[in-house]
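Reviewing the structure listed below.
Since the model is a prediction, treat every value here as computed from it, not as a measurement.
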Amino acid sequence: MNLSTLIVAGILAVLVILDIRYLLKNGIDGCSGDCGDCHGSCTWQKDIKKAQKAMRRRKKIRQLLGIR
């Protein structure tokens, strides 16, 4: 094995270790992005509702001020 092969193998080993660490920390059952699967138990649902509320509030303010 030459130096470039060792460097590539080292980088791959680091990536695998970081991936395993991420899975151990966050679990395998993370958000898949398909909100229909969670049926209201999604951990991101509260954040989505907050963002929607803020967007509605900004839209109302813009309408009151006449800004498009």
Show me the donor-acceptor pairs, under 3.5 Å and distance only, between side chains in residues 4-14 and residues at least two apart or in other chains.
residue	atom	partner	partner atom	Å
S4	OG	N2	OD1	3.1
T5	OG1	N2	OD1	2.7

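Considering Q63, M55, R56 as possible partners of K59, the one that fulfils the side-chain contact (heavy atoms from CB on, under 4.5 Å) test is Q63.
Applying the side chain to side chain donor-acceptor pair (under 3.5 Å) test to every pair with at least one member in residues 10-20, sequence neighbours left out, gives no pairs at all.
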